[in-house]
Amino acid sequence: MRYARPATAAEAVTLLGQQAGIVRVLGGGTDLLVQMRSGMIEPDLVVDIKHIPGINEIRAEAGGFRVGAAVSGAALGDHAGVCALWPGVAEGFQLIGSTQVQGRATMAGNLCNASPAGDAVPALVAAEAVARIEGPEGARDCPVAAIPAGPGRTTLKKGEFISSILLPARPERASDAYLRFIPRTEMDIAVASCAVSLVLDSAGTITVARVALGAVAPTVVLVEAGASALVGSKAGVPALAALAAAASAACAPIDDKRGTIEFRTEVAGVLARRAAETAYARAGGRK
Amino acid sequence: MKSLQVSTTINGDAAEFLCAPDETLLDVLRNRLGLTGAKEGCGTGDCGACSVMLNGRLVCSCLVLGAEAEGAEIATIEGLAEGDVLHPLQQAFIDHAALQCGVCTPGILVAAKALLDRDPDPSDEALRYWLAGNLCRCTGYDKIIAAVQAAAAEMRGARDVA
Amino acid sequence: MSLDEYSRREFKQVGTRPRRPDGVDKVTGRAMYGADASAPGMLVGRILRSPHAHARIKAIDTAAAEALAGVKAVITAADFGLPDDDFTRDVQDNCMARGKALYDGHAVAAVAAVDAATAKAALKLIRVDYETLPHVTDVDAAMAPGAPVVQEGRALENVPAGMSANVTSHCEFGHGDPAAGFARADRVIERHFTTAATHQGYIEPHACLASVSADGKADLWCCTQGHFFVRTLCSAILGMEASQLRVTASEIGGGFGGKTTVFIEPVALALSRKAGRPVKIVMSRDEVFRATGPTVSTSIEVKIGMTKDGRITAGEAHLRYSGGAFPCATVEMGGQAAFAAYDLDHVRTYGWNALTNRPKEAAYRAPGAPQAIYAVENVIDELCLDLGLDPLEVRLKNAATKGTKSSYGPTFPAIGLVATLEAAKAHPHYTAPLAEGQGRGLSCGFWFNFGGNSCVSLNVNTDGTVGVTEGNPDIGGSRASISLMAAEELGIPYERIRTIVADTASLGYNDVTDGSRVTFAVGLATIKAARAAIRLMCERAAKIWGIEADAVEWKDGAAVPAGPNAPADVARRDRRGLVRDRRPDRRPPRGQCRRRRRQLWRPSGRCRGRPRDRGDQDPALHDLSGCRQGGASRLCRGPDAGRRGAGHRLGAERGIYLWRRRAVAERGLSRLPHPGRLGPAEDRHGDPGNPQSRPSLRGARRR
Amino acid sequence: MVRVRLWGSLRRAADGLEEVEVRAGSVKEMLDALAEAHPGLAPQIARGVSVSIDGVIYREAWFTPIPPGAEVVLMPYMTGG
């Protein structure tokens, strides 16, 4: 194995594109090193992107924030602006692993690891976050939702890597929330999860809603029926019930030792309802 | 596999080492630098026994490549005491019997110090969440929480006096 | 020797909460665990493991691995002999599969190489030709007709003919007539339970460093609960004499029973022997979970009858345990412990062990007992619910107590269960209101206590401080408890004692740190060692003072003349027994001992008796004034003794006596106690609560 | 004489007796006498047993004397965690 530490994005793209065999991007390493350790993969080249200028930074951009691909959960949690604007994104990301893992883990890494249960991803999808991808043809932007292709697979092409993720601007009276179910209190992987992002009007009526489920399908599921159930409501009981039903209906989970199909399906609805309530309250909505 | 030369700072002292590209910082500390205070309990970031500070962030050194230490500032359990004076956390762990087999203890101390440096007066809940990634099989955690809180109180007191 | 029969004694040190002696090392990262040692020229050992749960190993080709640059040794089962006894052979076969891989993760080959990367590459070059076989992992499935056979011919003589070949042993315990008991019950409930083979989960993976030299001498450093047992197993497996293998126990990062045997140690030794260099093996967590002992997996039926008023009329349990791919006697513990908390007229347990394609069971906290007790306690709780009875009252009503004939045979001495239940009942938590979502549960439990072989050496240093050498790895703080007991007996501060865990070449045989035996058994050996040291020191004090030995007693860390036979003028005597006066030629020689002179004796109130001739020229006393060295060793045995034991290790010793703060040392051999006195016969009489057991401490209990 | 109580599955090897009497002054003498009087017990004794003497469990304590009238119970070889 070779270890490379490019000083620019272009250099990284060249390294990633030219090396034959197994090439991996090293951001926080919290998935990569585990996979190397277990023998799941034996990379020929590991490209440490943390020395590319700007990649460790969070910058305000167009009313939102551009989060560098190497920004750790701990660093994001320390950023008051992001946490205020996108609390659901921040809480989803910060649920990953322990304090130690948070010291290194990145959102871009969680996205590219492409686990169906990645805790950072549903809220990013609900937020309509956009990934900036550096590649042989230069930089391009891609909705986060379009990055995972299935468990462990992404749509990134040879030579490409994510350099940042843009969390867009929000109007007043907008917020988001993320919830997951795990059998224990900490340090576990979602059995089912849900992120809800809402925009309210001045009367507290929901005008925009996005609902994303995690761990109930090969990739994050955007529940448009659930969003429709919320829009026009004030997150009242009927709307929430309709949301829960829509969320459960959108599930296509697996049966495994951590949760049955039935359990995941039911819990996804419950989480959607509760996440919507939290997001609604955060957005300043009052029932 | 060609070895890499890495220059870094460990517990305030400059350190240089050679390592294989796929070698972890934990292996470097333990096998090349003789700093065996950080332990490998799992090698996958689950147990926290290998906790060190990397550029001011608490990390599992088993999930860091040695090569990444280039130019970094690393703090390990070996640097916690000042000379022969134990850090208040270390003393509190002894006084409150917050360790038994002791293999998780270095990691917990490093992690606890990282918290107290950020928050000198954490709630028990905040402390338990912070230490959730440090597994202890012997003590049942309560004594660990009590010891960290006692050290925190002592450190606050010392700060007030100063 | 029942602890309940100990006389009450006011402790000065035992019961205090001193700082643990290993504390500073453990909070500074200085403590040395299994993986923390290294040696010059050390190689890295790695083990190739079976990816199959059950497979015949048709061939292993190690040629390519051996040819890889940097590889210094490759071994397989062919590098080991074939031990005669089943027990050792099973341990060996678990360390390195012979003929068949019996579970996923079973070691099939190992390499030693100059670094980890080379070792890893070498493992990939080893070609193992497997013929996969059907496997079975569930105990009930393994006992069913037609189940895949894990090992042939392993059934003991107690297994009836016609059972699955996987059944290796049967046991039965109890008394009375359960059928008659059930007939008298108002309610009988029978339930089925299963428990999984959970792992002990110690945070420190197994690690060892082995070094075998060309002349056959070997050193082994490892994390273990019993390094003497490691020596026993490894020397048998490697075909070495025990004397040639010195095993040093590292600090141990948790064991919980799982480090009471060997997994990698014989492999590291064999690699080192072949490579001629030290070899270190450190398991990954993955290897720990795949290839080291979990507890048994079980399938249990429990049937209990109860009267309306909560009296258990009969209990019966069928226990089917699997200790993995090798025979395992753990079900015997479950069979004995299942109902042991209760005083029953009719009780019977039937136990079976069956082989499955799982890792070999290792002990885990009262091995076999919690599984059976879990089942029994659940049924009792259900009966309480059914009959509307308070679960604590029902347990009180049925609790075993002093005089109960236990379900496994012996009559109990006082066991404290009733007192414990009463204490629980009186505790505010038992009646505290419960919030929504809270519950309150109650369960009795049981475990035996057995002493086992223990050997302790206690040395008094030149400055009167004390070194205690024990041979049981300190898992839970035993160095502190042993120091406390020595301090209590000697009457000196805890801080003046340092207790260390010695290697196997430095002390007589010790059984494993298991079964909650160490504080109890090593503690008793320590108490005996301390008393032997006191006895020697009192005898010498008597000689120095020129008085009868029985005129000296030990009080608060000092020998003092006392009792009816103490001479009246002893207060004026110096350490040579000379009566002090002002004439210079009567003073003891000056020199090295000058500083100590003040400590030589303490005045005694009423001294009567016959002073000895002040011109006594006992040669042992001549050395005294010029001697700065010291050291009294007394090797004592724990509460039972046996063939592996250390009964006659009364090596050359030096007598010492101890004063409150300092000791004056005396060169020369002391009078040894008769070896017979240290035999097992004394074990029971060495009971600290038995006044008759203290002939050398006469007067000490008079207060 | 020492009366030795056997656990259930050993009784088959001792003519169904729950208790057997042997002449012995120590644990070793008792085990030897048991194996001689009831050869069916010999394999288990060879594998290892514990002995409870008046409620105190001994393991490998060959030379421990058995007091007259003591309650002696044969038990499986004790191990612990």
Side-chain angles (χ1 to χ4, degrees), chain C residues 1-2 86-87 156-158 170-175 200 225 255-258 260 295 329-330 332-333 335-336 348-351 362-367 406 408-413 447-453 511-512 514-517 639-645 647 679-681 683-684, chain D residues 2-14 16-20 25-32 35 38-67 69-81:
Chain C
M1 173 184 42
S2 162
D86 289 352
F87 181 86
L156 293 180
E157 74 285 350
N158 54 34
H170 167 64
C171 61
E172 194 182 315
F173 300 92
H175 55 254
Q200 294 82 350
Q225 290 178 235
F256 312 101
T260 53
T295 184
T330 297
E332 293 171 351
M333 302 296 131
Q336 293 175 93
R348 191 81 81 245
T349 58
Y350 305 87
Y364 184 3
R365 285 197 164 168
S406 68
Y408 60 93
T411 303
F412 280 132
W447 185 245
F448 316 85
N449 201 299
F450 51 90
N453 297 304
D511 279 335
V512 172
D514 72 350
S516 303
R517 72 170 209 92
D640 71 40
R643 58 177 182 248
R644 293 202 221 133
D683 291 328
R684 301 189 66 245
Chain D
V2 178
R3 291 179 66 81
V4 185
R5 195 174 297 157
L6 306 175
W7 77 82
S9 36
L10 285 188
R11 292 171 198 163
R12 272 192 298 276
L17 294 170
E18 183 183 343
E19 291 195 333
V20 294
S26 70
V27 169
K28 173 109 172 68
E29 288 168 11
M30 177 197 73
L31 296 178
D32 289 348
H38 304 282
L41 296 174
Q44 179 64 51
I45 289 171
R47 282 195 297 272
V49 290
S50 305
V51 179
S52 165
I53 303 175
D54 288 333
V56 179
I57 301 170
Y58 295 84
R59 201 174 65 168
E60 298 177 335
W62 277 6
F63 312 116
T64 299
I66 301 176
E71 180 200 65
V72 177
V73 183
L74 218 54
M75 293 171 62
Y77 187 83
M78 290 282 131
T79 56

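The chains referred to below are lettered A, B, ... by the order of the sequence lines, with proteins before strands, and numbering in each begins at 1. Given the structure is predicted, the values throughout are model-derived calculations rather than measurements.
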#### Entry: Spatial distance of atom CZ (C:R517) from atom CG (C:D511) [nearest 0.5 Å]
5.0 Å
### Task
Give the ring-plane orientation class for C:H170 versus C:Y350, where under 30° counts as parallel, over 60° as perpendicular and anything between as tilted.
parallel
### Message
Salt bridge or not between D:E71 and D:R5? Use side-chain N to carboxylate O under 4.0 Å.
### Response
yes
### Task
Please report the shortest heavy-atom distance between C:A362 and C:G258, naming the atom on each side.
CB-CA, 4.1 Å
### Side chain / backbone / both / neither for C:A329 at chain D, heavy atoms under 4.5 Å
neither
### Query
Hey, which of C:F412, C:W447, C:Y364 has the most heavy atom pairs under 4.5 Å with chain D?
C:W447
### Message
Looking at chain D, which one of C:R348, C:R365, C:E157 has the largest number of heavy-atom pairs inside 4.5 Å, strictly under?
### Response
C:E157
#### Entry: No-hydrogen, no-angle side-chain donor-acceptor test under 3.5 Å, D:E60 and D:Y77
yes
### Task
Measure distances from C:Q336 to the heavy atoms of chain D and classify the residue's part below 4.5 Å as side chain, backbone, both or neither.
side chain
### Query
Taking C:N158, C:T260, C:V512, C:T411 one by one, which has the highest count of heavy-atom pairs under 4.5 Å against chain D?
C:T411
### Message
I'd like to verify something: which residue of C:G409, C:G351, C:S516, C:S406 has the highest number of heavy-atom pairs under 4.5 Å with chain D?
### Response
C:G409
